[in-house]
Amino acid sequence: MTIIFHIEGGLGKHIMATAILKVIRKAHPKDTIHVVCTYPDVFKHNPFLDLVHKNGEHGSFYKTYIHNREANCKIYYSDPYTHSDFILEQDHLYNIWCKQWGLEYNGESPELFITQSEWDYYKPFYNTEKPIMVIQPNGGPVGQGFNYSWTRDIPESTVNNVINEFKQDYSVIHIKRKDQKVYPDTLQAMDGFRSIAILLKLSNKRLLIDSFTQHLSAALNLPSTVCWITTKPKTFGYPMHTNIQANTPNLKIDFPSNLYQPFGLSQDITSCPYSKQEDIFDDSLIIKSLK
């Protein structure tokens with residue numbers, strides 16, 4: 001039988017999908033599995049699939065893999081973000097993703113397969129005199145119109161407090177895009193995510209947000225400190241991490257005109273329900289976790 005697993009969304013969702021792929025493989029141990037996705041590099045060297053195809057570059061996919069095979073083909077293609085249990089925050093995304101197709105999730109974890117060649121090539125880029133602390137305080141796509149989204153990003157004051165606490169003993173390496181803020185006393189990592197995976201493996205401490213790096217750290221079995229503001233670890237998180245939730249807002253929440261979600265991952269400071277950025281997190285909890 002031909003099995004097709006189609007994934008849409010961002011890099012973090014694709015890394016999560018490597019766990020769902022394990023569930024699908026368990027249900028179809030002898031079938032041919034095709035993955036259709038936006039980030040095929042996530043599935044490089046993955047033994048749980050047979051072929052991976054990039055969205056928009058898949059050629060005559062229907063003619064080659066579906067036409068005249070309808071009776072011997074199964075397609076896993078629906079977005080768990082549209083499921084009632086996700087919208088109502090009633091379960092973890094992994095359970096929802098599997099439940100919508102009648103599959104059973106049994107704690108399968110995401111996994112990235114790094115070759116020795118990749119390790120040998122990228123490792124020298126991250127040689128430092130001190131142990132490495134990695135931070136990813138900001139996420140989101142290019143072109144969102146602002147550098148700080150209060151709904152997910154760690155406030156600048158908190159980031160500076162963490163850097164000042166650890167800069168004497170650690171090389172603080174900031175995972176960022178070129179258009180994002182540069183923090184003093186840090187080095188910057190703007191590489192592809194497979195190179196970032198090597199950096200995470202080399203690091204001693206990790207301060208992350210609900211973005212691709214927290215999923216990547218889970219895929220590499222690296223417990224990290226993860227800060228959460230409007231998204232929740234019960235939906236997207238991992239028990240291996242120390243998950244730190246933001247304080248309760250101290251201003252009235254003015255919900256934007258979203259349809260099914262109270263907040264967007266990218267919202268500017270004008271909608272922030274905290275009187276000042278220092279109110280969002282208890283910085284001492286973050287520093288204690290990192291120590």
Side-chain angles (χ1 to χ4, degrees), residues 1-55 73-115 118 193-194 196-198 200-201 206 208-226 228 231-243:
M1 179 178 284
T2 298
I3 307 299
I4 299 167
F5 179 27
H6 189 113
I7 307 151
E8 293 184 342
L11 178 56
K13 189 177 177 184
H14 278 64
I15 296 169
M16 293 186 79
T18 62
I20 305 302
L21 175 62
K22 292 180 179 180
V23 179
I24 294 173
R25 173 52 78 189
K26 187 182 297 183
H28 302 276
K30 297 182 179 180
D31 295 324
T32 300
I33 297 180
H34 297 257
V35 169
V36 181
C37 64
T38 306
Y39 296 93
D41 283 358
V42 170
F43 297 92
K44 274 187 175 180
H45 316 299
N46 192 310
F48 297 100
L49 60 83
D50 295 283
L51 288 169
V52 61
H53 311 264
K54 185 174 183 178
N55 276 326
C73 183
K74 186 172 183 62
I75 301 172
Y76 294 101
Y77 182 15
S78 55
D79 193 343
Y81 289 0
T82 65
H83 195 285
S84 175
D85 286 354
F86 175 79
I87 295 170
L88 300 177
E89 298 181 333
Q90 294 180 341
D91 208 345
H92 195 282
L93 184 64
Y94 281 136
N95 289 321
I96 296 168
W97 213 334
C98 292
K99 183 167 54 178
Q100 68 181 353
W101 295 323
L103 299 172
E104 186 175 351
Y105 176 70
N106 287 307
E108 287 82 2
S109 59
E111 193 168 1
L112 191 74
F113 294 86
I114 300 292
T115 66
E118 290 177 289
F193 78 92
R194 294 187 72 86
I196 294 298
I198 304 297
L200 290 171
K201 289 285 286 184
R206 292 160 293 278
L208 312 172
I209 59 170
D210 179 25
S211 188
F212 82 95
T213 50
Q214 73 114 355
H215 300 294
L216 191 54
S217 293
L220 299 169
N221 196 29
L222 298 171
S224 306
T225 297
V226 184
W228 304 79
T231 56
K232 296 179 174 61
K234 74 175 185 179
T235 304
F236 293 104
Y238 300 88
M240 72 166 61
H241 296 328
T242 300
N243 296 297

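Counting from 1, the numbers follow the sequence of the chain as shown. Just so it is clear, the structure is predicted and the values come from calculations on it, not from any experiment.
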Rounded to the nearest 0.5 Å, the CD atom of E108 sits from the CE atom of M16 at a distance of 13.0 Å

Output, in order, the C-alpha distance, side-chain angles, deciding distance and verdict of side-chain contact (heavy atoms from CB on, under 4.5 Å) for K13 and D79. CA-CA 11 Å; K13 189 177 177 184; D79 193 343; 2.9 Å; yes

Distance, nearest 0.5 Å, that separates NZ of K26 from CG of N106: 5.0 Å

Give me the ring orientation class for Y77 and H6: parallel if the planes are under 30° apart, tilted from 30 to 60°, perpendicular past 60°. parallel

Give a yes or no answer on whether the side chain of E118 reaches the backbone of R194 with a donor-acceptor pair at less than 3.5 Å. no

Would you say R206's side chain and V226's backbone share a donor-acceptor pair under 3.5 angstrom? no

Rounded to the nearest 0.5 Å, what separation is found between the OG1 atom of T18 and the NZ atom of K22? 6.5 Å

For the rings on F193 and H14, is their centre-to-centre separation under 6.0 Å? no

Under 3.5 Å, which donor-acceptor pairs link side chains of residues 36-47 to any protein atom two or more places apart or in another chain?
unit_1, atom_1, unit_2, atom_2, d
T38, OG1, N55, ND2, 3.2
N46, OD1, F48, N, 2.9

Kindly indicate whether the side chain of K99, heavy atoms from C-beta on, has any atom under 4.5 Å from the side chain of P80. no

Identify the two heavy atoms, one from V23 and one from E104, that lie closest to each other, and give their separation to 0.1 Å. CG1-O, 3.5 Å

If you round to the nearest 0.5 Å, how far is CD1 of I33 from NE2 of H28? 7.0 Å

Check side-chain hydrogen bond (donor to acceptor under 3.5 Å, both in side chains) between Y81 and all other residues, then give those that pass, not counting sequence neighbours. none

Ring pair (Phe, Tyr, Trp, His ring centres under 6.0 Å) partner of Y76, the single match among W97, F5, W101: W101

Please tabulate, for side-chain N and O atoms in residues 214-221, each donor-acceptor pair with protein atoms closer than 3.5 Å (sequence neighbours left out).
unit_1, atom_1, unit_2, atom_2, d
Q214, NE2, D210, OD1, 3.2
Q214, NE2, F236, O, 3.2
H215, ND1, Y238, OH, 2.8
S217, OG, T213, O, 2.9

Lys/Arg N to Asp/Glu carboxylate O, K74 vs D31, below 4.0 Å: no

Give, for atom OH of Y105 and atom CD1 of I20, the distance between the pair rounded to the nearest 0.5 Å. 7.0 Å

May I ask you to test the S224-H241 pair for a side-chain heavy-atom distance under 4.5 Å? yes

I96 CD1 to T82 OG1 distance, which is reported to the nearest 0.5 Å: 10.0 Å

Close side-chain approach of L112 to I15, heavy-atom, < 4.5 Å: no

I24 to L103 - nearest heavy-atom pair and separation: CG1-CD1, 3.9 Å

